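Comments concern the structure below.
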Amino acid sequence: MSLSLEKIINAKLAEVFNSLQLNPQYAVVKVSDRPDLSDFQCNGALALAKSEKKNPREIATQIAAKLQEDPDFSKISVDGPGFLNLSINNTLIAKVLDAMSEDERFGCEKVSNPHKIVLDSGGPNVAKALHVGHLRSAAIGESIRRIEIFAGNEVISDVHFGDWGTPMGMILAEIIKQDGDLSKTESYDINDISAFYKKANIRCKEDETAKETARLITADLQNGNPEYRKAWQHLRKVSVDAVKKNYDELQAHFDLWLGESDAHETCAEIVKLAAQKGVSEVDDGATIIRLEETNKPKPPVILVKSDGGYAYQVTDIATIKMRVDDLKAQEIIYVVDKRQSLHFEQVFEVAEKLGIAPNVTLRHIGFGTVNGPDGKPFKTRDGGVMNLEDLLKLSKDKVRESMPQAGEVEGYGEKEIEKLVSQIAIGAIKYQDLKNNIASGYVFEVDDFAKFDGKTGPYIQYAIARINSILRKAGDIKPGKVIISNAEERDLALKLMQLSNIIMRTQEAKEPSIISDYAYTLAQTFSSFYNTSPIMSAESQELASSRLQLAKLVRDVLTLLLYLLGIEAPEVMLKKAE
Ligand code: ARG
């Protein structure tokens with residue numbers, strides 16, 4: 001039995017449609033917009049009216065008459081021009097919930113076409129500290145990774161390190177400028193390297209010759225100059241190590257730590273292939289591919305710059321080829337700032353022209369920026385770039401304010417409190433990021449994002465911890481068969497049964513905010529249930545067991561939802577005594 005209530009009803013409807021010789025394609029329900037009137041609504045009769053040459057009310061009435069025979073419906077009515085309103089019998093609800101509680105996937109379906117996805121997210125760069133923009137790519141990417149895997153797809157995540165562009169030459173040039181040569185490079189740590197990069201950035205902005213030198217060094221590095229390569233290896237390693245620590249803390253997992261540089265050899269193949277196919281041309285010393293302009297200007301793609309170096313775009317094109325040939329990707333998803341939309345449009349178009357990714361879905365999920373209260377990109381208090389570490393610190397400080405001191409609660413010393421602070425702080429940051437529509441960007445809610453009430457990560461973590469405590473205190477009463485005895489239980493049950501659909505919708509739309517919304521309303525629905533339906537003092541033991549089962553299911557489902565958002569659910573939540 002499918003455990004999605006919608007699917008169960010659709011199947012019943014399809015049977016009736018078939019028996020009436022109506023096209024079963026229209027035998028679909030949606031959750032009712034008017035929960036006071038019905039649980040589900042089917043608008044199929046309206047869609048069929050034309051082809052059937054009948055009044056939609058008449059069709060709906062025919063369907064309703066057949067459905068009346070099915071004891072799983074408690075109420076069937078035809079309303080307005082021909083809407084079919086359906087309510088479900090409590091027995092069916094209870095039966096589905098029992099089955100959900102017994103299933104380790106809570107009745108969640110899997111995709112019908114499991115395939116292999118390469119997920120490109122993270123996108124950090126050598127010598128640059130992660131900033132608030134990188135948070136989005138890591139948070140969204142990790143959530144999508146977990147959702148796709150849960151839905152039955154295979155995912156290989158690749159951080160795609162930015163390690164091959166002009167910044168490399170800029171840093172090397174700066175070190176040479178200050179030290180005279182590269183002999184000391186291997187003694188430099190991430191702070192030194194970042195400082196060199198910052199200086200190089202300023203210098204190259206002011207000084208054309210410095211810029212030119214950096215460009216030439218980059219081309220030399222790419223062409224294999226051994227001294228440059230050796231120094232660059234060190235810059236890369238130190239940067240990867242630093243960034244790994246950040247991602248570990250954020251619990252963003254990457255299967256591969258490849259970078260733009262890994263595509264170097266394949267770039268040459270791409271250039272050759274483009275020439276063979278006759279799609280490239282040499283323009284002012286550079287090798288380019290012109291693209292057709294449809295409704296907006298589309299600049300040509302540069303494969304090789306006039307100095308012989310490879311540009312950002314060709315590394316991405318070559319990387320597609322590698323992901324298809326070596327990793328056998330059937331879909332490649334890029335979680336990258338939406339300001340790079342044009343870049344991906346161009347890259348995907350060239351991939352198509354060159355035929356390097358036949359039947360492979362190429363998808364750019366472009367996210368908007370994280371803004372400060374002024375609506376401009378989020379900055380530190382003194383106006384600097386908000387680094388990821390600053391942000392984590394800000395979040396932890398905020399959470400710590402509402403925590404008891406180490407030693408105040410039994411079993412919670414400094415270490416335990418700090419672990420909890422970190423779980424809550426990261427949950428708060430990630431939930432705030434993922435509750436917003438990906439493309440639209442959002443204003444960082446400095447005062448509210450870590451609150452224990454409202455639409456926040458900690459609110460949901462708190463709901464889970466509260467149910468844990470209910471289950472601990474239940475003593476001899478064990479979760480048992482579900483009985484629907486009042487409206488709040490019924491609402492909660494109907495909400496829980498949306499799970500499979502919600503996850504499938506999120507997977508299809510690649511929009512974790514659907515899960516965030518659902519987790520929030522589920523936690524709220526649980527609250528209303530718990531306020532009206534006592535567990536320990538329920539009228540009967542059976543009812544107590546049933547309510548405990550509902551509570552446990554809510555806890556397990558919320559834990560799964562947080563997991564899919566990349567957020568941990570601590571067993572216990574602490575709050576400072578008021
Ligand atoms: N490192 C790049 C940047 O900071 C982002 C990389 C995104 N991924 C890609 N395949 N281009 O802009």
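Please read all numbers here as calculations on a predicted model, not as lab measurements. In each ligand, atom 1 is the first atom listed, and ligand 1 is the first ligand listed.
In Phe344, the part holding a heavy atom less than 4.0 Å from any atom of ligand 1 is the side chain. With a heavy-atom cut-off of 4.0 Å, Asp316 touches ligand 1 through its side chain alone.
In the model, Asp255 has a side-chain atom that pairs as donor or acceptor with a side-chain atom of Ser157 under 3.5 Å. Side chains of Gln233 and Tyr228: a donor-acceptor N/O pair is absent below 3.5 angstrom, by distance only.
Protein heavy atom at the shortest distance from atom 1 (N) of ligand 1 is Asn125 OD1, 2.8 Å. Protein heavy atom in closest approach to atom 7 (C) of ligand 1: Val336 CG2, 3.5 Å. Closest to atom 12 (O) of ligand 1, if we only count protein heavy atoms, is Gln340 NE2, 2.9 Å. Ranking the protein heavy atoms by distance from atom 8 (N) of ligand 1 puts Asp120 OD1, 3.2 Å first.
Under the 4.5 Å side-chain criterion, counting only non-hydrogen atoms from C-beta, Met386 is not in contact with His131. Here the side chains of Tyr334 and Arg363 are not in contact, with every heavy-atom distance at 4.5 Å or above. Between Val243 and Leu130 the shortest side-chain heavy-atom distance falls below 4.5 Å.
Between the side chain of Glu511 and the backbone N or O of Ile438 there is at least one donor-acceptor pair closer than 3.5 Å.
Those atoms of ligand 1 that come under 4.0 Å of a heavy atom in His160, given as number and element, are 8 (N), 9 (C), 10 (N). Near Tyr334, with a cut-off below 4.0 Å to any heavy atom, the atoms of ligand 1 are 10 (N).
For the pair Cys267 and Thr315, the tightest heavy-atom approach, listed with the atom from each and the gap, is SG-CA, 3.9 Å.
Within the 4.0 Å heavy-atom cutoff, Tyr312 counts among the residues contacting ligand 1.
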